[in-house]
2 protein chains.
Amino acid sequence: MNDYKAQPPVGMEPSGATPAGDSVYQQIRDDIISGRLVANERLVVAELAQRHNTSANPIREALQMLRGEGFVIISPNRGARVRPIDQDFVRDIYEIGVLIEPALTRWFVGMATSQDIAQLEAVQDEIEANNFADTLRHSELDTRFHTIMYERHYNRHAAELWWKHREVLRAVSRRFDFTLARRAQVMREHRELIALIKAGDADGSAALVAQHVEGSGRHILEHMRAAETARAS
Amino acid sequence: MNDYKAQPPVGMEPSGATPAGDSVYQQIRDDIISGRLVANERLVVAELAQRHNTSANPIREALQMLRGEGFVIISPNRGARVRPIDQDFVRDIYEIGVLIEPALTRWFVGMATSQDIAQLEAVQDEIEANNFADTLRHSELDTRFHTIMYERHYNRHAAELWWKHREVLRAVSRRFDFTLARRAQVMREHRELIALIKAGDADGSAALVAQHVEGSGRHILEHMRAAETARAS
DNA sequence: ATCTTGCAGATAATGTGCAATTTTAGCCCG
DNA sequence: CGGGCTAAAATTGCACATTATCTGCAAGAT
């Protein structure tokens, strides 16, 4: 039994959501990620309440949470809209990742045990076994790879920030396929990262992770640009 | 006329708050910052509603927002509490600042006009004229100094993140006084930073800002530790 | 004797329906 | 074709009903 569902690092997401609010939050979030709710679409409280068999308050709470994560924009007296996840937004997000992840990695290199390494290698083996055949599964394994490194970091805020941003990028990249070049690069970088961690090279690992995140971000942006020009014609 | 009230960078804080909710948010926030609401104190919705002459919903909204900024902790079915701003929390926050601010600075160095430099120097002159006599005023001037550099950054998320964290640290440091050593260092670093920006030295500026933020964080932590040991005796 | 366990009652958070205010869209008129 | 008025729609705020948690205490077990 091997569940490869991507999960937030333990102890994270203090949510602060009420039972019903959290449920609705999950569903609306899924609807946005999957594209059932389209960019700039208006999110009418009454309508959502009806669709989710609840009342206004839980909906409002869910919308507030989604605003906090960047999926929704709320303007006073005007209501909520689905945030258009454009290139600028994605760039903002991954740039912050480029700043944070290397620092998280650096700490991990100093703390990693042989068990941690073994875990990383096991996940990487699964990634290579899957070899992007199931892209959703790849996404989850890849997330797990990074989670292993970050989940025990002492700076819970930084880790939470990373997770929040990761989720947004995952949502976007779900719509695209990996180019062959990117696939090869991901494999190479993961393997090399493991080697650097084994060697205890904190600076090297941090630099590589920065490059890895940067590459991931650029890859997504390229896809978005391609999709946009395709739409224009 | 020279208002030196610290203000968020323009276009920031898309708030997403309803009129009443925003008002209550401001007041509760002030109450936490000023210490009228003490660490771990329970925030009862009905009571707050009465005190602020409103009903439950605006209170809940305000609490959600405060949770997003780290001032409040909410647990489902148990309500909200004032977040104890302990040393770990402060360390988490300023460490993220150390990661983000240098990047924001680097961009500014590439974009700064002579007018920007003049603004920085003008603010720095005011800072030196005040010379920590009015610590609140110093805090606001210092914030303005950094805001000049960051407010036009293209990455609005990074800038907003910086602002949110800055506000928390400002809230904490309001309780302490600057040591003489720290005062001197702040002056030195600001002056040197201006010089580096003038020279167009992006890397040097970034490194100096990292050191500056690090120093500020450590300074606050030292004060907190001192206050705690004083309380223990 | 002490600790655990189970049970009311109180307290407060959560969810629901509704009234009031604001925005929005349609429509008539110039 | 454009500007102001009116009605519908949606957000916002409020009072109340419901549900969950906490407190204190008593009964039973170790």
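To find a chain, count down the sequence lines: A is the first, B the second, and so on, and within it residues start at 1. Just the heavy atoms: all of them, side chains too, but no hydrogens, waters or symmetry mates, feed the values below. Note that the coordinates shown come from a computational prediction; the quantities given were computed from them, not determined experimentally.
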- [ ] At the 4.0 Å heavy-atom cut-off to chain B, mark where contacts on DNA chain C begin and end, going 5' to 3'.
- [x] C:dA12 to C:dG15
Open item on the list: Quiz question: by atom type and distance under 3.5 Å, do the side chains of B:His223 and B:Asp177 form a donor-acceptor pair?
Closed with: no
For residues 93-102 of chain A, which side-chain donor-acceptor pairs fall under 3.5 Å, sequence neighbours excluded?
unit_1, atom_1, unit_2, atom_2, d
A:Glu95, OE1, B:Tyr154, OH, 3.0
A:Glu95, OE1, B:Asn155, ND2, 3.2
A:Glu95, OE2, B:Tyr154, OH, 2.9
A:Glu101, OE1, A:Tyr150, OH, 2.7
A:Glu101, OE2, A:Trp162, NE1, 3.1

Open item on the list: Return whichever of B:Thr54 or A:Ala80 has its heavy-atom-nearest nucleotide of DNA chain D closer to the 5' end.
Closed with: A:Ala80
- [ ] For the residue pair B:Ser139 and B:Arg174, confirm or rule out a side-chain donor-acceptor distance under 3.5 Å.
- [x] no
Open item on the list: Between B:His165 and A:His157 (judged by ring centroids, cut-off 6.0 Å), do the two rings come close enough to count as a pair?
Closed with: no
TODO: Quick one: label B:Leu43 by what it contacts on the DNA or RNA (base, sugar-phosphate, nothing), any heavy atom closer than 4.0 Å.
DONE: sugar-phosphate
TODO: Side-chain contact test, heavy atoms from C-beta onward, threshold under 4.5 Å: evaluate it for A:His190 versus A:Val123 and give yes or no.
DONE: no
Task: Residue whose nearest DNA chain D nucleotide is more 5′ - B:Arg42 or B:Ser55 - done: B:Ser55
Task: Touch class at under 4.0 angstrom, heavy-atom based, for B:Asn77 against every strand present - done: sugar-phosphate
Exercise answer: donor-acceptor pairs, residues 38-50 of chain A side-chain atoms, under 3.5 Å, sequence neighbours excluded:
unit_1, atom_1, unit_2, atom_2, d
A:Glu41, OE1, A:Val38, N, 2.9

Task: Partners passing ring-ring contact (aromatic ring centres under 6.0 Å, His included) against B:Phe178 (at least two apart in sequence or in another chain) - done: B:Phe132, B:His138, B:His219
TODO: Give a yes or no on whether a salt bridge exists between A:Arg182 and A:Glu222, defined as a side-chain N under 4.0 angstrom from a carboxylate O.
DONE: no
Task: Carboxylate-amine/guanidinium proximity below 4.0 Å for A:Arg170 and A:Glu167 - done: yes
Open item on the list: Between B:Asp116 and B:Thr113, do the side chains contain a donor N or O and an acceptor N or O under 3.5 Å apart?
Closed with: yes
Open item on the list: For chain A and DNA chain D, what are the first and last nucleotides along the strand, 5' to 3', with at least one atom under 4.0 angstrom from a heavy atom of the protein chain?
Closed with: D:dA10 to D:dG13
- [ ] For B:Arg60, answer base if it contacts any base atom (sugar-phosphate contacts may also be present), sugar-phosphate if it contacts only those atoms, and nothing otherwise; contact means non-hydrogen atoms under 4.0 Å.
- [x] base
Task: Axis-to-axis angle between the two ends of the helix from C:dA1-D:dT30 to C:dG30-D:dC1 (five base pairs per end, rounded to 10 degrees) - done: 30°
- [ ] Let me know, please, whether B:Ala46 or A:Arg78 comes out on the 5' side of the other along DNA chain C by nearest nucleotide.
- [x] B:Ala46
Task: Minimum heavy-atom distance between B:Asn130 and B:Asp134, given as atom pair plus value - done: ND2-O, 3.1 Å
Open item on the list: Under 4.0 Å, counting only non-hydrogen atoms across every strand here, what does A:Leu63 touch: a base, just sugar-phosphate, or nothing?
Closed with: nothing
